[in-house]
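Scroll down for the structure; my scribbles are underneath it.
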There are 2 protein chains.
Amino acid sequence: MEICPSNALPVRIGDKWTAWVVRLLEHGPRRFTELRKDMGRVTPKVLTETLRAMERDGMLTRTEFDEIPPRVEYELTELGHSLRALLDHTCAWTRENLPLIEAARRANDEADHARTA
Amino acid sequence: MEICPSNALPVRIGDKWTAWVVRLLEHGPRRFTELRKDMGRVTPKVLTETLRAMERDGMLTRTEFDEIPPRVEYELTELGHSLRALLDHTCAWTRENLPLIEAARRANDEADHARTA
DNA sequence: ATACACGGTTACCGCAACGAAACCGGGGGC
DNA sequence: GCCCCCGGTTTCGTTGCGGTAACCGTGTAT
């Protein structure tokens with residue numbers, strides 16, 4: 001259920017969950033509970049915060065339907081969709097370079113251990 | 001002395017100063033004090049942290065010269081240089097879309113005020 | 001003796017992000 | 001009466017990023 005390896009490293013778009021939301025909405029609107037289920041462990045509080053921030057910035061729209069049980073749909077705006085290309089570049093870069101970063105980390109860790117020992 | 005408008009909004013590469021360092025190093029190695037002067041208000045502590053993290057991830061190298069006064073040069077590795085393209089995309093996206101984001105924020109703020117009043 | 005240059009380190013602190021757990025209201029089903 | 005659904009809210013606590021201010025060692029210049 002990984003959206004992109006970018007979650008593991010120093011390159012990030014927006015805050016922790018924004019990119020994930022963009023990915024989940026890129027093929028059409030979805031509702032709160034669907035998003036919640038499809039994202040790793042997000043608490044409703046944090047998901048609400050993320051969605052409200054994105055709405056405020058014009059990345060998505062929030063639509064309430066007068067139904068029982070309640071239904072609320074989140075849908076990317078054009079601005080939100082425009083993030084996809086950027087996200088693609090980021091993911092591509094990460095897929096190419098994450099191994100190098102991890103190798104560098106391992107090498108530096110070893111050097112540190114050698115110095116400490 | 002702005003590197004890219006990305007500092008003002010929810011799209012960011014790495015932590016607060018990483019992109020800036022990449023920009024300052026893209027045309028060759030520089031030393032600690034030079035970086036410090038050219039970046040907005042960075043404290044030495046935070047700059048050290050940023051540089052150490054980037055070094056650990058293989059983005060740049062740190063070279064000490066045995067001179068008086070001390071000289072230390074930071075230089076991008078190939079991995080560090082590969083960030084430039086990503087940075088360019090991010091800056092381009094931001095330049096194109098920041099006005100839209102700001103417009104959305106203003107619109108939402110007005111709506112909030114109207115509701116509160 | 002004092003000050004300055006370089007490249008930092010150390011101790012402390014505030015804020016925002018993130019998370020865990022409980023709770024809410026309006027309805028429906030058993 | 002009880003629990004479930006949905007879409008949240010509320011409270012509390014933790015973590016981590018970033019910032020402030022002071023200090024450090026080594027050497028050189030005045």
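Lettering follows sequence order; numbering is per chain, from 1.
Residues A/Met39 and A/Leu47 share a closest heavy-atom pair of SD-CD1, 3.9 Å. Here the shortest heavy-atom pairing between A/Ile13 and A/Leu87 reads CG1-CD1, 3.6 Å.
The closest side-chain heavy-atom distance from B/Leu25 to B/Glu75 is not below 4.5 Å. For the pair A/Trp17/A/Leu51, no side-chain contact is recorded, criterion being any heavy-atom separation below 4.5 Å from C-beta on. The side-chain heavy atoms of B/Leu100 and A/Glu78, taken from C-beta on, include no pair separated by under 4.5 Å. Contact check for B/Leu79 versus B/Ser82: side-chain heavy atoms found under the 4.5 Å cut-off.
Between the CE atom of B/Met39 and the C1' atom of D/dG19 there is a distance of 14 Å, given to the nearest Å. Rounding to whole angstrom units, CD of residue B/Glu67 and C1' of D/dT28 are separated by 15 Å. Between B/Glu34 atom CD and C/dC6 atom P the separation is 9 Å, expressed in whole Å. In this structure, the CG atom of B/Leu47 is 13 Å from the C1' atom of C/dT9, given to the nearest Å. Rounded to an integer number of Å, the gap from CZ of A/Arg30 to P of D/dG7 is 12 Å. Distance CH2 (B/Trp17) to C1' (D/dG18): 9 Å, rounded to an integer number of Å. Atom CD in A/Glu64 sits about 14 Å away from atom P in C/dG26, given to the nearest Å. Rounded to whole Å, atom P of D/dC6 lies 11 Å from atom CZ of A/Arg36.
Heavy-atom distances under 4.0 Å link DNA chain D to A/Arg52 of residues 50-57 of chain A, given in residue order.
Remark: B/Glu67 CD is packed, more than 12 non-hydrogen atoms of other residues, nucleotides or ligands lying under 6.0 Å away.
When each of D/dG8, C/dC18, D/dC6 is scored by its nearest atom to the side-chain atoms of A/Asp15, the top-ranked nucleotide is C/dC18. Between D/dG18, C/dG19, C/dG7, one nucleotide has an atom nearer to the side chain of B/Phe32 than all others, and that is C/dG7. Of the candidate nucleotides C/dA20, D/dG8, D/dG7, C/dA20 has the atom nearest to the side chain of A/Thr43. Closest contact between the side chain of A/Thr48 and the listed nucleotides D/dT9, C/dC18, C/dC6 involves D/dT9. For B/Ile68, counting side-chain heavy atoms from C-beta on, the closest listed nucleotide (C/dG26, D/dT28, D/dG19) is D/dT28.
Checking B/Glu73 against A/Pro69, the closest nucleotide of DNA chain C that is more toward the 5' end is the one next to B/Glu73.
A/Thr33 has no side-chain polar atom (N or O) that falls below the 4.0 Å cut-off from OP1 or OP2 of D/dC6. Dashed line: the shortest gap from a side-chain N or O of A/Arg71 to OP1 or OP2 of D/dG8 is not under 4.0 Å. For A/Arg31, a side-chain nitrogen or oxygen approaches OP1 or OP2 of D/dG7 to under 4.0 Å.
Ring geometry for B/His89 against A/His89 counts as parallel: the plane angle stays under 30°, on a 0 to 90° scale with 60° as the upper cut.
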Subject >> Derivation and outcome, salt bridge (Lys or Arg N to Asp or Glu O under 4.0 Å), residues B/Lys37 and B/Glu34 >> reply: CA-CA 5 Å; B/Lys37 269 188 299 218; B/Glu34 289 177 317; over 6 Å; no
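Each end of the helix from C/dA1-D/dT30 to C/dC30-D/dG1 yields a helix axis from five base pairs, and these two axes differ in direction by 30° (to the nearest 10 degrees).
The structure places CD1 of A/Ile101 at 11.5 Å from CD of A/Glu96, a figure rounded to the nearest 0.5 Å.
Across all strands shown, A/Phe65 has no heavy atoms under 4.0 Å from either base or sugar-phosphate atoms.
Between the side chain of B/Lys45 and the base of C/dG8 there is no donor-acceptor pair of N/O atoms closer than 3.5 Å.
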